[in-house]
Amino acid sequence: MSEQLDSRLTKPLRKKDFDLYCLILVGAYQLQNTAIADHAAVTLTVEAARHLGKQWACGLVNAILRNPQALLEPSVEAQFEAPSWLIRSIQHHYPDAADNIFRTNITRAPMTLRVNQNRQPAMSFAQILLDQGIPTVPGELSNALTLVTPQAANTIPGYSKGWFTVQDEASQRVAHLLAPKPATRVLDACASPGIKALQLLEAHKDIHLTAIDVDVTRGFYGVSESRRLGLPFELREGDATLRNWWDGEMFDSILVDAPCTGTGTLRRKPDIKLHRSHEDMFDLQRKQRELLSNLWNMLASGGTLLYSTCSILPDENDSVIQHFLDQTTDASTVPIAADWGRATLFGRQCLPIEGGPDGFFYSRITKL
Ligand SMILES: C[S@@+](CC[C@H](N)C(=O)[O-])C[C@H]1O[C@@H](n2cnc3c(N)ncnc32)[C@H](O)[C@@H]1O
């Protein structure tokens, strides 16, 4: 919208008139995005300029807002508040879905709960919530419930008793796809803050879980969550591109929930659009490759490695797996049969859905 306004100003407003600049933006926003009558939006914005003591600007405000059609057709970048490298990449990879992704990314993300089925089935919990005036919609996973109207987690019944965890359904799928066998050794190699590690412990009480992360400071949330949920979560500091933290015993399952651009979660973290650059994506790709190639040495024969990202960019997803498979003779992907997301060469890609889950990628690899 600033881009549109700048195009209408023959010369930029002075620094001390920044209040006026913001005021015109508010007026333009009302014209374009609200049900406020056009004449009311214009008149009140002009009036507000007068209140600011900027009588001289009333004509200017009026001229700009009276003719909103003359405001330039916003660029895709301006319309969807995203940088051009990301817009181009999404258009390139998802020509059929790009506009939908852009539109979804500027909507509010849903609030989904992972119901702790050790306490009660999801349907019983949904009834408890409904009785308290909190309607929910069941997800595709049996213990996922989405709140019709989001509210603070600690105001939802059962919060302090550990009856649920706030977790997007796309993120919940990771542990379901890893599905470790009873009493096996499991590694969560990028575990901070610990949401998926806690989910694994909640669903598979008898696994031997090692959870490491290069940044344990982010793990404080997981540690406090583990107390609330009554789960024995321990996060160790370790760089998963190295082996100095490893005791040499093979793991039966490894989760690589890799650091990524987070481009599937822009509704929740819109700052990514400002802070992440195209170059960052290639740095992350290098890290993702390093993680896979190092962790593969720790997987037992017949074991499963699940690679996941909350990115929708194939450079961080299929390309990383392709590179890994090209270098690794004893690896083979296991197809993920599902009626959600879209099949890719080496896994499954979810795109963000309006009112639904985030964008996520999953690839399941077995050691021959
Ligand atoms: C997507 S987040 C993981 C989220 C986590 N699995 C959860 O569900 O709460 C990626 C994590 O990878 C970690 N990371 C980045 N480089 C790493 C490395 N070399 N070794 C281990 N962890 C790393 C980051 O610190 C970050 O916590």
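Worth knowing before you read on, the calculation uses all heavy atoms, side chains too, and leaves out hydrogens, waters and symmetry mates. Every number for a ligand or one of its atoms is a count from 1 in the order of the listing. Keep in mind that what you see is a predicted model, and the values were worked out from it rather than measured.
Annotation: K181, atom NZ; neighbour count of heavy atoms from other residues, nucleotides and ligands within 6.0 Å does not exceed 12. Applying the 6.0 Å contact sphere to NZ of K269 captures no more than 12 heavy atoms from other residues, nucleotides or ligands. H92 NE2: 12 or fewer foreign heavy atoms inside a 6.0 Å radius.
Near A191, meaning under 4.0 Å from one of its heavy atoms, ligand 1 places the atoms 5 (C), 6 (N), 7 (C), 9 (O). Residue G194 has at least one heavy-atom neighbour below 4.0 Å for each of these atoms of ligand 1: 7 (C), 9 (O). Each of the following atoms of ligand 1 lies closer than 4.0 Å to a heavy atom of D215: 25 (O). Under a 4.0 Å criterion applied to the non-hydrogen atoms of P259, ligand 1 contributes the atoms 10 (C), 12 (O), 15 (C), 16 (N). Distances below 4.0 Å separate heavy atoms of A240 from the following atoms of ligand 1: 18 (C), 19 (N), 20 (N), 21 (C). Residue A189 approaches ligand 1 through these ligand atoms, each under 4.0 Å from one of its heavy atoms: 21 (C), 22 (N).
Side-chain contact annotation: Q199 with Q167, donor-acceptor N/O pair under 3.5 Å present. Using modelled atom types, one finds no donor on one side chain facing an acceptor on the other under 3.5 Å when comparing T241 with N294. A donor and an acceptor atom, one from each side chain of T112 and T146, are located under 3.5 Å apart. Side chains of Y362 and D257: a donor-acceptor N/O pair is absent below 3.5 angstrom, by distance only. For the residue pair Q151 / T155, a side-chain donor-acceptor distance below 3.5 Å is found, with atom types taken as modelled.
For ligand 1, the polar-atom distance check finds an N/O of I195 within less than 3.5 Å of one of the ligand's N/O atoms. Here's the thing with D239: one of its N/O atoms is less than 3.5 angstrom from an N/O atom of ligand 1. The shortest N or O to N or O distance between C190 and ligand 1 is under 3.5 Å.
Heavy atoms of E290 found under 4.0 angstrom from ligand 1: none, in either backbone or side chain. In C260, neither the side chain nor the backbone holds a heavy atom less than 4.0 Å from any atom of ligand 1. The proximity of S171 to ligand 1, defined as any non-hydrogen pair under 4.0 Å, does not occur for either the backbone or the side chain.
Ligand 1 has G238 within reach: a non-hydrogen atom of the residue lies less than 4.0 Å from it. For A197, the closest heavy-atom approach to ligand 1 does not fall below 4.0 Å.
Given atom 22 (N) of ligand 1, the protein heavy atom at minimum distance is V214 N, 3.3 Å. In this structure, atom 6 (N) of ligand 1 lies nearest to the protein heavy atom D257 OD2, 2.8 Å. Here the heavy atom of the protein found nearest to atom 8 (O) of ligand 1 is K196 NZ, 2.9 Å. Of all protein heavy atoms, the one lying nearest to atom 2 (S) of ligand 1 is R218 NH2, 3.8 Å. Nearest protein heavy-atom contact of atom 4 (C) of ligand 1 is S192 O, 3.0 Å. Taking atom 25 (O) of ligand 1 as the reference point, the nearest protein heavy-atom neighbour is D213 OD1, 2.7 Å.
Ion pair D271/R276 not flagged as a salt bridge, since none of the NZ, NE, NH1 or NH2 atoms sits closer than 4.0 Å to an Asp/Glu carboxylate oxygen. D213 has no carboxylate O lying under 4.0 Å from a charged side-chain N of R218, or vice versa, which leaves the two without a salt bridge.
Note: C350 SG to F360 CZ = 9.0 Å, rounded to the nearest 0.5 Å.
Between F125 and F164, the gap from one ring centroid to the other is short of 6.0 Å.
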